[in-house]
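FYI, side chains are in, hydrogens and waters are out, and symmetry mates aren't considered; it's all heavy atoms of this structure. Just so it is clear: chains get the letters A, B, ... in the order the sequence lines come, proteins before strands, and each one is counted from 1.
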There are 2 protein chains.
Amino acid sequence: MGSDKSTAGTAVGSAAGAPLTGARIGRVAAPIREQVLDVIRQGILDFQLRPGQRLIERELIEQLGVSRPTIREVLSRLVAEGLVTIQPQHGATVAVLSPVEAEDIYEMRVPLEVLVMQRFVKRATDEEIAQLRGALGRIEEITEAGSETQSRLRAKDDFYQIVFEGARSPVLAQTLQTMQGRIRLLRATSLATAGRPEASLEEIRQLVGAIERRDLDAVAAAATAHVRNAAASALSQLAENEAETAQR
Amino acid sequence: MGSDKSTAGTAVGSAAGAPLTGARIGRVAAPIREQVLDVIRQGILDFQLRPGQRLIERELIEQLGVSRPTIREVLSRLVAEGLVTIQPQHGATVAVLSPVEAEDIYEMRVPLEVLVMQRFVKRATDEEIAQLRGALGRIEEITEAGSETQSRLRAKDDFYQIVFEGARSPVLAQTLQTMQGRIRLLRATSLATAGRPEASLEEIRQLVGAIERRDLDAVAAAATAHVRNAAASALSQLAENEAETAQR
DNA sequence: ACCGGCTCATTGTCAGACAATATTTGAGTG
DNA sequence: CACTCAAATATTGTCTGACAATGAGCCGGT
């Protein structure tokens, strides 16, 4: 199964005499820990690893075929991202987002998302704006087809990816990306998928329209509305879940 | 010097027969890597480690008396905090903040700081507000005494500590704390200390006043002004420095 | 049926090792 | 004398193996 070990190790080695060609494309260096990081993060973000689930080092080692130091480094990184919690003598678990934290994150997201969207307006090329329109189109398709949550999430990720690129602010992008990751945790917790795809879509349409018109105020309004609505939807659903759980 | 090794190791072990007393207070567990993390972070924040300086694993190991995995874990964490940069096959250096990044961070800080201050107004106890006034007093003293940059920074840290506590939003607090850390890097880069202590002090006075009156709008205005001015000052100084360096 | 002790699972930390790559130094040449 | 190429060195990336210490669950005794 997971015998990825060989990936980096052997491969290129000492082939023959060809002295110049052997380099560049070989690209032996695909830092293992980056790969591991991506795998686990994706596992969390795709809900394969559920919030609250324990992440036992030995198991991860076996499944991924890497060594313990690597795993530990990766887990540390994920802690920093807020996707994993470590209890001192007890180990790592996939983070569980409390409603209060979720609310905070949404509240922080509002102004930051306004900022990034306005940046996009100011800095993106026409081509990038066109790409954004394209990404919107894909979201529309998926929503109309009533497709899986997974693919809609992915389409939205693409959308944001374009925004982040065009906004030319790595710091802002990274912060927002982390926040969105944590919020996705929430979605896993509340099983949600907060089924308001149509409303959400319309908000995004508004947003893209405002961006194309380069109307900063409208952009701010649309971004604010979008995040606020998403927050309201997610939190109410969460509250519901909470109530149910409590009743039991 | 750094023979902290013994801290955890020997201590409690297998003393004699006393079966019950050995526990609790002993507190053998002071996670080494947390200590290491604090030491290095503090080193960076106190300018002992200058931006751009290389952080060679072997040296850190020798100086701190811990093992390599520990060091690497800590460095990873610091990367996540934005205080350290790692270039793939080349190692870690203390992060250097570019003017562009700095501007971004300040811009993000504005709305977040408004948020945290408003939260403080809404959630802090009267006692906490009084503590804030006290912290302001200490900043005043230090400023009037024309004391060292270091102690003024520390006093301001205390001030913010109270704000973060009272705002009851760990997520927000952590984000802002990280940002402030990165900004402090900037200060080290531009040697700065941005000598505008009086103006800054007056702004903080305004802020505290608004908080005591529980005037949310005034709080927002004061917080915005404070961050904006700090940004302007820091960035202009940075630009100056840049120009000088370029001339040479 | 409850409490205490014991075993086991898991983490925290270390030491040492090896390969792969970047940087620097040095030597040879035009 | 400047420049290019090759060897030597320094440093990171990763693995293996080991041990102590702590927390959790189980089992037997009262």
Decide if atom CD of B:Gln161 counts as having more than 12 heavy atoms of other residues, nucleotides or ligands within a radius under 6.0 Å. yes

Counting side-chain heavy atoms from CB outward, which of [options] is closest to [X]?
X       : options                : answer
A:Arg33 : D:dT11, D:dT14, C:dG12 : D:dT14
A:His90 : C:dA15, D:dA24, C:dT11 : D:dA24
B:Arg54 : D:dT14, C:dT11, D:dT11 : D:dT11
B:Ile32 : D:dC15, C:dC14, C:dA22 : C:dC14

Report the distance from atom [atom1] of [X] to atom [atom2] of [N], rounded to the nearest whole Å.
X       : N      : atom1 : atom2 : value
B:Leu60 : D:dT11 : CG    : C1'   : 13 Å
B:Glu34 : C:dT11 : CD    : P     : 17 Å
B:Gln87 : C:dT23 : CD    : C1'   : 13 Å
B:Ile86 : D:dG13 : CD1   : P     : 7 Å
A:Ile56 : D:dG23 : CD1   : P     : 17 Å
B:Ile61 : C:dT13 : CD1   : C1'   : 13 Å
B:Gln89 : C:dA19 : CD    : C1'   : 11 Å
A:Gln35 : D:dG13 : CD    : P     : 14 Å

With sugar-phosphate meaning primed atoms plus P, OP1 and OP2, does [X] contact a base, only sugar-phosphate, or nothing at under 4.0 Å between heavy atoms?
X       : result
B:Thr70 : sugar-phosphate
A:Arg72 : base
A:Pro88 : sugar-phosphate

Using a cut-off of less than 4.0 Å, is there contact between a side-chain N or O of B:Arg58 and OP1 or OP2 of D:dT11?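 It does, given that an N or O in the side chain of B:Arg58 lies less than 4.0 Å from OP1 or OP2 of D:dT11.
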
For A:Glu73, is there an ion pair with A:Arg68 - N to carboxylate O distance below 4.0 angstrom? no

Any salt bridge linking A:Glu62 with A:Arg58? Criterion: basic side-chain nitrogen under 4.0 Å from a carboxylate oxygen. yes

Donor-acceptor pair under 3.5 Å, B:Arg68 side chain vs D:dT14 base: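 Donor-acceptor pair under 3.5 Å: yes.
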
I'd like to check B:Thr93 versus B:Leu55 (side-chain heavy atoms, cut-off strictly below 4.5 Å). Are they in contact?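 Not in contact.
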
Closest-nucleotide 5' rank along DNA chain D - winner of B:Glu57 and A:Pro69: B:Glu57

A:Tyr160-A:Glu165 side chain donor-acceptor pair, cut-off 3.5 Å: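 A:Tyr160 vs A:Glu165: no donor-acceptor pair found between side chains.
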
